[in-house]
Amino acid sequence: MTAPLAPQFDPSEIEGPLYTWWTERGFYHVAADAPGEPYVIQMPPPNVTAVLHAGHGLTYTVQDVLVRFERMRGRKALWVPGTDHAGIATQNVVEKLLAREGKTRFDVGREAFVEHVMNFVRETGGTILDQLKALGASCDWSRTYYTLDPKLSRAVREVFVQLYEKGLIYRGKYIVNWCPRCLTTLSNEEVEKEEQDGSLWHLKYPLEDGSDFIVVATTRPETMLGDTGIAVHPGDERYRGMIGKNVRLPLVDRLVPIVADDAVDATFGSGAVKVTPAHDPTDFDIGRRHGLATIDVMTDDARMSDAVPERFRGLDRYIARKMVVSEFDTLGLLVRIEKHHHAVGHCYRCNTVVEPRLSDQWFVKVTPMAEQANLAYLNGKFRLIPEFHGDVLQRWHENLRDWCISRQLWWGHRIPVWYCDGTGEKRGERREKGGCGRVIVSRETPTQCDKCGSALVQDEDVLDTWFSSWLVPFTSLGWPDRTPDLAAFYPGHTMVTAPEILFLWVSRMIMSGLEFMGEVPFTTIYLHGTVRDTQHRKMSKSLGNGIDPLEVISRYGADAFRYTVVNGMSVGTDLILDPADLETSFASGRYFANKLWNIGRFLLGQLPDGARPFDTIDPNDLRDTDRWILTRAQGAIAESTRHYEGFRLNEATATVYRFIWNDVADWYLEQIKSRLYDKEPGGDVARSVAAHVFDVALRLLHPVMPFITEALWQRLPNHAEGSSIACAAWPVADDALRFPASEATIVAAQELVTGIRTIRADYNVPPGQKLSVWLLDAGEPIKALLLSNPGAMLPLSGSLSIQPTSTPLPASGSVILGDGSTVMVALGDLVDLDRECARLGTEAGKLDKLVAAQEGKLGNDQFVARAPVAVVENEREKLVAWRMQAEALREKRRALGCAN
RNA sequence: GGGCGAAUAGCUCAGCUGGUCAGAGCGCCUGCCUUACACGCAGGAUGUCGGGGGUUCGAGUCCCUCUUCGCCCACCA
């Protein structure tokens, strides 16, 4: 673990071995009886056959940061990993493989197909979990679950049976969403509405008596073959006389009635609606109210069924659409075609246009559960970040329709329902005769009908994938058994995910948690943004604009990936990355990792014999510089902790970044070099302080960059052998280590150094050239610092000598400090009076503007009267300081004899 | 059709409870290969904080309105 640091940072050298070491040592395993307050994150289980993409990279990085942060804060932090069998998605993948051999699942048969999928999952499944390891995910792998595990399957059955017994699961014939490509129903949440430019066809239907026509408007003309009625609004004067009459349906020559129904909007289209109860939810309702027949005009794969005239049979729905329209046209019954913008439902797995279809399915009655969820929200049992999503969720719960949970797939949890044979009307599959028609819903697989002893046939369908994943917050911990894990780790705490699955998954977990555990499964739902490309398009395979996190990791390291992602993502906004330029996209992470590595290399190189433990240092031996960095460290601790706690991870990393790079590296390490190199005394104190603040910095950064911080931390002196930074204590700000006076002194010194550097740059003073510096009316602290310890500034501003003076020097460049004191840098021949006059003039001009504005502000009686005293005082101090600086500048210009 | 979010330097974005909040990183310009780092160091330029109005002593920060993007929801066929 502690080989010397390579001169060149190579993440691939450290990351693999460190991860192995972490898991071997079990740092991320949490036992139920471990001490400490629990903290639990349930990982949204990726699809078992998924491969890591940028979206995963983002969400799992965030989760890992949070769990690492809480672990270091001493909580028994558990991150539960798992995979989802992903019914439709996985079945689709295997079907595609079969298609390459020219076969369908029906050729293979159900049993063999399922076997096929299982083998496929066994071979390729779970790779995403290994990929998570490359990312550094600190999950408790001993708890990895799979939604088709026997344990979880048992829980799924238990839930189904319980809900059935409570009357919350029922079977019914309704219009459902049907994907004609996946050949299954979908829940409303699995349908993605896409706005499209379509057409609205106005069709003429002649009345039975030939006296008149009625015009209907439709977006799906092909469904007219299944029309069984026409509906108009009861109050619509135009059609009042037609209500009750029949229409002779063109093309099919069927008589259908004109009915009056409130559901019709008289202002839309022609005000008359063709009613197709088998293919539209509104029509279904209208049909039911008026006793209209249902005619299913489509087959499973969205071709026209045998219920339509022969010439249409077997035609694809869109071909049939064209044909219907053209026949209406030929008959002179096509009134017009209107452009129409509307939302069309698409399958969330294959993007095929979904067909509303009448079908016998199983549903969960969600309204009672949704009410409980909203009640819990109103009672503050959970919150969402960003907050506005809470309102979105609430409104959603208020308008929920029942959840269709049966899927006509072969891959998934078989529905635990058996029919006493002979009733099996399930999609017309009659088997043996006999049986009593009993429906058995059971936890155990029954062998025969408990009523009549006949053979049983199990429901052919499987359950919606989400019907198992909505339970994982407790089933992953052993439910329905009352396990110690369940007692210790339910309810959990933070749910991190993308808004896309708020309804599909998060809402349902809340409902199931309340229903089966009596408590919401988490207290905070953190919804992060989406990873997009530079054109703000979602990354996707089909667009080819994705970023492969593993490629980034192998090139630049997991830490660079993680840092970039966390740094670039603020609460509620998307993360934009350029797939075409990984090098630039991940530059901030790469650079920072490299910087950290080199800080470590330098510092550790200065500690060949270790360092005195920081707590043995006599505070009197600390110099202003030491006190300054310690003060800054307390600030970094407090600020970053606050940001981590508030989920502002980008702010947290920015805080640590500034502390490490700007404070530790740019100033502190440079300032102590003279001591480290023994050009000055006090090297041991400097080494000790440096080691201490670096230790603090590594801890603060560890949640975001676990590998590099661990690699460096392992090499720090004084760390306990065999311990990991992952379990090291989170730093706590210590007021005893805040030194405001020293901080002020160093801030003044930094101003001075910056001023000197500016002069060097302005006058192109060669780096090696020694400069003399005179202090005119310098403030006491800075004077004391410089005179007592001139060497302290050497590495910062180049070679210089410092002496006090009481008169301005003409041949010099001047720096006006914040307190109005003037520092002059002797430039000899290099000085250019005109240039210096201009330089100082510009400065003076800027200050004069500030002074004028400030005088205006303070001259405003309202401001002085109404603003808090502290604010006014602060503004006055600023004015005084600026005036002094401006005055000093003018004085200097007079001394130089500058023209105006 | 409803609801929501965003608009700040060339790019990607910070700016948490109205008063150093006009910032960071990348990019750009200048000078440095200073024995941790050129993935570096130092210095520097760039913005009427989308437009307009309002509240306030004071507004990127709160309110209204407009414009432009984006997202979510929706049984107007």
Side-chain angles (χ1 to χ4, degrees), chain A residues 5 7-9 175 193 200 216-220 223 231 263-270 272-276 280-286 340 342-343 356 386 388-389 391-392 395-396 399 401 499-500 502-503 530 532 534 536 556 560 564 567-578 583-585 587-606 639 642-643 646 648 650-651 654 657-658 665-666 669-670 677 754 757-762 764-768 795-798 857 860-868 870-872 874-875 878:
Chain A
L5 293 178
Q8 193 59 44
F9 175 53
I175 297 286
K193 293 287 180 67
L200 191 59
V216 298
T218 180
T219 54
R220 294 185 297 155
T223 63
V264 178
D265 175 359
T267 65
F268 183 85
S270 62
V273 189
K274 57 186 272 314
V275 183
T276 322
D280 185 276
T282 311
D283 292 8
F284 178 73
D285 291 339
I286 296 174
H340 186 57
H342 62 152
F388 73 85
H389 281 295
D391 301 330
V392 175
R395 250 173 292 145
W396 172 260
N399 298 303
R401 277 178 294 159
E500 289 120 74
L502 184 59
F503 306 135
T530 309
R532 296 175 185 279
T534 49
H536 294 209
Y556 314 125
T564 302
N567 186 248
M569 184 209 64
S570 63
V571 176
T573 63
D574 291 334
L575 174 68
I576 312 295
L577 294 170
D578 185 358
E583 193 169 323
T584 304
S585 288
S588 58
R590 280 191 302 129
Y591 291 176
F592 192 33
N594 183 257
K595 184 70 180 180
L596 205 61
W597 186 257
N598 280 294
I599 293 171
R601 231 157 47 89
F602 171 70
L603 181 60
L604 294 168
Q606 299 304 320
E639 201 180 319
R642 197 166 56 84
H643 288 312
R648 294 179 298 271
N650 58 324
E651 290 295 310
Y657 178 99
R658 285 191 294 266
D666 289 348
L669 291 181
E670 294 302 330
Y677 298 156
T754 303
R757 285 172 178 168
T758 307
I759 287 173
R760 275 188 180 273
D762 281 356
N764 292 324
V765 179
L796 300 176
S797 50
K857 194 179 213 177
N860 183 339
D861 295 340
Q862 296 290 333
F863 172 69
V864 179
R866 300 203 187 189
V871 171
V872 176
N874 189 21
E875 297 300 311
K878 283 199 293 200

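Lettering of chains follows the sequences in order, A, B, ..., and the numbering in each one begins at 1. Worth saying up front: this structure is predicted, and the values here are computed from it rather than measured.
Nearest to the side chain of F388(A), among G43(B), G5(B), A74(B), sits G5(B). Listed candidates were C13(B), C41(B), C39(B). Nearest to the side chain of N594(A) is C39(B). Distance from the side chain of D265(A) is smallest for C76(B) among the nucleotides C76(B), A42(B), A36(B). Side chain of R395(A), nearest nucleotide from G3(B), C75(B), G43(B): G3(B). The side chain of E875(A) sits closest to G19(B) out of G19(B), C37(B), A77(B). Comparing C16(B), C75(B), C37(B) against the side chain of E670(A) picks out C37(B) as the nearest. Closest contact between the side chain of Y657(A) and the listed nucleotides G25(B), C72(B), C13(B) involves G25(B). Closest to the S588(A) side chain, of the nucleotides C72(B), G25(B), C75(B), is G25(B).
Searching all strands for a Watson-Crick or G-U wobble partner of C16(B) with both distances below 3.5 Å returns nothing. Across all strands shown, G60(B) remains unpaired; no Watson-Crick or G-U wobble contact has both distances below 3.5 Å. Within the shown strands, nothing qualifies as a pairing partner of C21(B) under the Watson-Crick or G-U definition with both distances less than 3.5 Å. When Watson-Crick and G-U wobble pairs are counted only if both distances are under 3.5 Å, C4(B) pairs with G70(B). Pair check for A42(B) finds U30(B); Watson-Crick or G-U wobble, both atom distances under 3.5 Å. Base pairing analysis places C49(B) opposite nothing; no Watson-Crick or G-U wobble pair with both distances below 3.5 Å involves it.
With a 4.5 Å cut-off on side-chain heavy atoms, Y677(A) and Q606(A) count as touching.
S585(A) places a side-chain N or O within 3.5 Å of a backbone atom of D578(A) that can act as its donor or acceptor partner. In this structure, R532(A) contributes its side chain and L577(A) its backbone to no donor-acceptor pair below 3.5 Å.
Nucleic acid contact for H389(A): none, since no nucleic acid atom lies under 4.0 Å from a heavy atom of the residue. Here A587(A) lies out of heavy-atom contact (under 4.0 Å) with every strand. As judged by a 4.0 angstrom heavy-atom cut-off over every strand, A654(A) is placed among residues making no nucleic acid contact. Residue-level contact check: V392(A) touches neither bases nor backbone, having no heavy atom under 4.0 Å from any strand. Nucleic acid contact for I576(A): sugar-phosphate only, since backbone atoms but no base atoms lie under 4.0 Å from a heavy atom of the residue. Among the heavy atoms of the strands lying under 4.0 Å from T754(A) are primed sugar atoms or P, OP1, OP2 only; no base atom is included. Within 4.0 Å (heavy atoms only), V264(A) reaches at least one base atom of the nucleic acid.
Taking the O4'-C1'-N9-C4 or O4'-C1'-N1-C2 dihedral as appropriate, G51(B) has a value more than 90° from 0 and is therefore anti.
Of the P atoms belonging to G52(B) and U61(B), the separation is 13 Å, rounded to the nearest Å.
Judged by atom type and distance alone, Q8(A) does not reach the base of A36(B) through any side-chain donor-acceptor pair under 3.5 Å. Between the base of C16(B) and the side chain of R642(A) there is a donor-acceptor pair shorter than 3.5 Å. Contact annotation: side chain of K595(A) to base of C39(B), donor-acceptor pair absent below 3.5 Å.
Not one side-chain nitrogen or oxygen of Y591(A) sits closer than 4.0 Å to the OP1 or OP2 atom of C41(B). Checking the phosphate oxygens (OP1, OP2) of C75(B), no side-chain nitrogen or oxygen of H342(A) falls inside 4.0 Å. Side-chain N/O atoms of R757(A) include one lying less than 4.0 angstrom from OP1 or OP2 on G43(B). Proximity of R590(A) to the phosphate of C26(B): no side-chain N or O atom is located under 4.0 Å from OP1 or OP2.
Ring geometry, F268(A) versus H340(A): the interplanar angle exceeds 60°, so the pair is classed perpendicular (tilted spans 30 to 60°).
Residue order along RNA chain B, read from the 5' end via each residue's closest nucleotide, puts T584(A) first among A272(A) and T584(A). Mapping D574(A) and P281(A) onto RNA chain B via the closest heavy atom, the residue that lands nearer the 5' end is D574(A).
Put simply, CD1 on I286(A) and OG1 on T276(A) are 9.5 Å apart, with the number rounded to the nearest 0.5 Å.
The pair K274(A)-D283(A) does not count as a salt bridge, with every side-chain nitrogen at least 4.0 angstrom from each carboxylate oxygen. Looking at R658(A) and E639(A), a side-chain N of the basic residue comes within less than 4.0 Å of a carboxylate O on the acidic one, giving a salt bridge.
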